[in-house]
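In what follows, a single structure is set out as structure tokens and then discussed.
Chain identifiers are assigned alphabetically (A, B, ...) following the order of the sequence lines, protein sequences preceding nucleic acid strands; residue numbering begins at 1 within each chain.
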Amino acid sequence: MDDPFDLAGAEEPAPAPQPQSFPYLDSLNPPQRQAVETLEGAVLVLAGAGTGKTRVLTTRLVHLLNTGTARPWEVLAVTFTNKAAREMSDRVGQLIGNRVEGMWLGTFHAIGARILRRHAELLGLRSDFTILDDDDQQRLLKQLLEAEGIDPKRWPPRQLAGVIDGWKNKGLMPDRVPEGDSGFADGRGRDLYRMYQERLQTLNAVDFGDLLLLCIRLFQTAPDVLAEFQRRFRYILVDEYQDTNVAQYLWLRLLAQGAKNICCVGDDDQSIYGWRGAEVGNILKFESDFPGAKVIRLEQNYRSTAAVLKAASAVIANNEGRLGKTLWTDIPGGEKVTVIGVWDGEEEARTIGDEIESLHRKGERLSEMAILVRATFQMRSFEDRFIEIGVPYQVLGGVRFYQRQEIKDATCYLQIVAQPDNDIAFERIVNTPKRGLGDATVQMLHRAARGARQSLYRAAEALVETEELKPKARNTLKRLLDDFARWRQVKDDLDPAELAGMVLDESGYTEMWQRDKSPNAPTKLENLKEMVLAMEDHETLGAYLEHIALVQANDSSDDTEKVSIMTLHAAKGLEFDTVFLPGWEEEVFPHRRALEETGNAGLEEERRLAYVGITRARQRCFISHAANRRVFNEWRSGIPSRFVEELPADAVEVRAETGLYGASAQPGGAGSRQQSPGSFAYDAPWLQATQRLKERGYRAGGYARGKVIEGEAREVRTLENVRKFQKDERVFHQKFGYGLVARVDGNHLLIDFEKAGQKKVVAAFVDPA
DNA sequence: CGCTTGTTTGTTTTT
DNA sequence: CAAACAAGCG
């Protein structure tokens, strides 16, 4: 399953058998059935959350084959994530067996890579080109900036990468970028983009965006190649269509112009990749792009209880510019969504941990529980807590396995064995482990390489034959090159795992970590072992390298009894009986930068993310927010997310964390605040600061839909000015009691508490004694 | 010249 | 709390 792209069966002539009855159709509802049976022409399926989208997709695929309408190799099925591709492949495989093999089923990027490898020479690449990850990309851009005399401090490579990525997502080659676009480095962005592409070409490398962009160029410049693919892909299926960007859209449109049989499935309310160039507009334009297209709506939700669905619908209803669907369910009632307010991130982890244990004791399966966070940094507190109380868990996504330092290093060694001209990899490991080939030597290699217009590796080979290097460096370099030559000789006789073991040991890389006495060294060694183990699944080194370039390791869950922790983005397409949604605080969720960078559009995307989160739940949904959160080493106070207030009062139950704050929290509680009809609000003592803030107009204007965000951000800051405190002032704090202010630092106070000792706290939560 | 040590800096989401 | 970066040591 690692390589879903075998071309097996391409010449097989026999059409599939054509049974007369198709029992799988009987279990579909009428619109689902229509979506499955409308095989010809353009079809857009608007599938709300939990309406059986995956089922429709897989059944349709099966139906195409079973009716003899298409043979496996005539089908192109595209997804966004590897996880989705794998799931589709598995499910179709269960129904029709090995006929999946011949299908082109995979992510946009994986299929793009496959197309490019076949026709690389038409684009000035060799078919063994390397695919750079964003780390490599940024290194390369940094070199480029330095070479151009642009200060990487003032113009961060990271930002340039973002700009270039944006262009690529829009399908723009350097010559099509409008002059002076972007403003990067005083309008030099476009030139840098052009130079970057040239550099990639000489390196025989592509980045992620190129996997699509270069395909488009290929199709445009080689009509015969395009025609071949158009002939081949008679039936095209696209999952998560709402997340396509312009490049993907162009790519699809070119391919679909042949047979014009294209079926796209999507949900505008679940479009959460706008930051990656996704254009919800694509889904809105569908009917005009494919005249005569049939639009089918799936609105019956089979997943969630009425309560969960009601909460989700109420939140998403605050978005404008929706296609609009009315989801309904047969599943009656259900538990209300629980909203929990806690003091800080650690308490949040404790509370959720307790809840998980309690549910588990009642017989709920851990594998049916998930914690969905906005950003990966939120994961840590849960991991810490679960380790402490012994709850088994798994993290999906998160820090990417293949991007960890030690894995990346090891991979670079292997890449150079396979592709010596990979300069980026070479530079990374030439002095790792330290072997005395430092900056000066590398600079010399660079000069030699540039002079002779060849790769660093080849330049090194030439250089060790001369007297230019100092003897010590020369010998070391010679030894390294000899090592590589030796590994390269045996690479085809060993399987990848054996080769990796050999390279890691003989290069001294393993030894480097064995000697390292820092506390994380053992983990790194473990990871290396894990990597070697994983390589056993791959037939060739090339297959392994392709796999890690395109697939992130941690994206699939095993079925063991574990709680899952992942980002909201990673959770799309999944479902669980119980879902925990922590960190619903302004600035965390909706994320501050989403609002800053894209204003209302950003806010609406965040809201769709909230919608995705809630709709993952079948039975139970817990939403929590913390009053304080640790950011790096300082404490920041937060107020509940506006999304909390958008929850409908009658589908929500508020739980106060008793003990600390008393049990006074009630929906629509005793607070002086007015609440808008139908929305829900509550009081908890620690929310008093928030309360005060809101009474001063924060809520009235601040949460208004569509309002420009700057004003709001400034309002939030007034939280810090709730009350000024002086050094040595006597104060009272809800949790820690009485104390004396030892230091004032903006809104952060260092207080010597009489009972609790010295603590850093936020001024908003302290009252004068 | 290369390596160790301290300092600063910055975390959305992913193929 | 990391990793990237700058300054001093051998």
Distance in Å, [X] [atom1] paired with [Y] [atom2], rounded so as to fall on 0.5 Å steps:
X        : Y        : atom1 : atom2 : result
A:Glu585 : A:Ser641 : CD    : OG    : 8.5 Å
A:Leu160 : A:Gln137 : CG    : CD    : 8.5 Å
A:Leu545 : A:Ile131 : CG    : CD1   : 10.0 Å

Rounded off to whole Å, could you give me the [atom1]-to-[atom2] distance for the [X] and [N] pair?
X        : N      : atom1 : atom2 : answer
A:Asp136 : B:dT15 : CG    : P     : 17 Å
A:Leu609 : B:dT12 : CG    : P     : 14 Å
A:Tyr273 : B:dT15 : OH    : P     : 6 Å
A:Phe377 : C:dC1  : CZ    : P     : 13 Å
A:His547 : B:dT15 : NE2   : C1'   : 14 Å
A:Gln137 : B:dT14 : CD    : P     : 16 Å
A:Asp239 : B:dT15 : CG    : P     : 14 Å
A:Gln378 : B:dT13 : CD    : C1'   : 11 Å

Do the side-chain N or O atoms of [X] get closer than 4.0 angstrom to the phosphate oxygens (OP1, OP2) of [N]?
X        : N      : answer
A:Thr441 : B:dG2  : yes
A:Asn431 : B:dC3  : yes
A:Thr376 : B:dT12 : no

Kindly give the atom pairs (protein nitrogen or oxygen, nucleotide nitrogen or oxygen) under 3.5 Å for nucleotides 4-10 of chain B.
none

Problem - Pair of N/O donor and acceptor under 3.5 Å linking B:dT13 base with A:Arg374 side chain - result: yes

Exercise for the section: Indicate, yes or no, whether a donor-acceptor pair under 3.5 Å links the base of B:dT13 to the side chain of A:Trp275. Expected result: yes

Is it the case that [X] and [Y] place a side-chain donor and acceptor less than 3.5 Å from each other?
X        : Y        : value
A:His446 : A:Glu427 : yes
A:Tyr196 : A:Asp207 : yes
A:Thr244 : A:Asn282 : yes

Exercise for the section: On DNA chain B, check which nucleotide each of A:Glu605 and A:Lys470 is closest to and give me the residue with the more 5' one. Expected result: A:Lys470

Practice task
Tell me which of A:Asp134 and A:Ala440 sits closer to the 5' end of DNA chain B, going by the nucleotide each one is nearest to.
Solution key: A:Ala440

Pick base, sugar-phosphate or nothing for [X], based on heavy-atom distances below 4.0 Å to the nucleic acid.
X        : result
A:Phe80  : sugar-phosphate
A:Glu597 : base
A:Arg380 : sugar-phosphate

Exercise for the section: Give a yes or no on this: more than 12 heavy atoms of other residues, nucleotides or ligands lie within 6.0 Å of atom NZ of A:Lys408. Expected result: yes

Practice task
Please say which of A:Arg607, A:Arg608, A:Arg322 ends up in a salt bridge (Lys or Arg N to Asp or Glu O under 4.0 Å) with A:Asp269.
Solution key: A:Arg322

Exercise for the section: Please answer whether the main-chain N or O of A:Glu347 pairs with a side-chain N or O of A:Asp344 as donor and acceptor at a distance below 3.5 Å. Expected result: yes

Exercise for the section: Would you please indicate yes or no on a ring centroid separation below 6.0 angstrom for A:His569 and A:Tyr273? Expected result: yes

Problem - Residue pair A:Gln270, A:Tyr611: steps toward the side chain to side chain contact (heavy atoms under 4.5 Å, CB included) verdict - result: CA-CA 7 Å; A:Gln270 294 186 64; A:Tyr611 176 75; 4.1 Å; yes

Handout entry: ring pair (Phe, Tyr, Trp, His ring centres under 6.0 Å) assessment of A:Phe80 paired with A:Phe108
Key = CA-CA 6 Å; A:Phe80 270 80; A:Phe108 276 100; 5.2 Å; yes

Give every pair of a protein N or O atom and an N or O atom of nucleotides 3-5 of chain C that lie under 3.5 Å apart, one pair per line with the distance.
{"unit_1": "C:dC5", "atom_1": "OP1", "unit_2": "A:Lys142", "atom_2": "NZ", "d": "3.4"}

Practice task
Side-chain contact test, heavy atoms from C-beta onward, threshold under 4.5 Å: evaluate it for A:Val206 versus A:Leu125 and give yes or no.
Solution key: yes

Fill in the blank from the handout: Out of B:dT15, B:dT13, B:dG2, minimum distance to the side chain of A:Asp439 belongs to B:dG2

Fill in the blank from the handout: Quick note, A:His591 side chain, CB onward, closest among B:dT12, B:dG2, B:dT14 is B:dT12

Problem - Secondary structure string for DNA chain B (Watson-Crick or G-U under 3.5 angstrom, | for other-strand pairs) - result: ||||||||||.....

Exercise for the section: Output yes if the stacking criterion (under 5.5 Å between centres, under 30° between planes) is met for A:His109 over the base of B:dT15, else no. Expected result: no

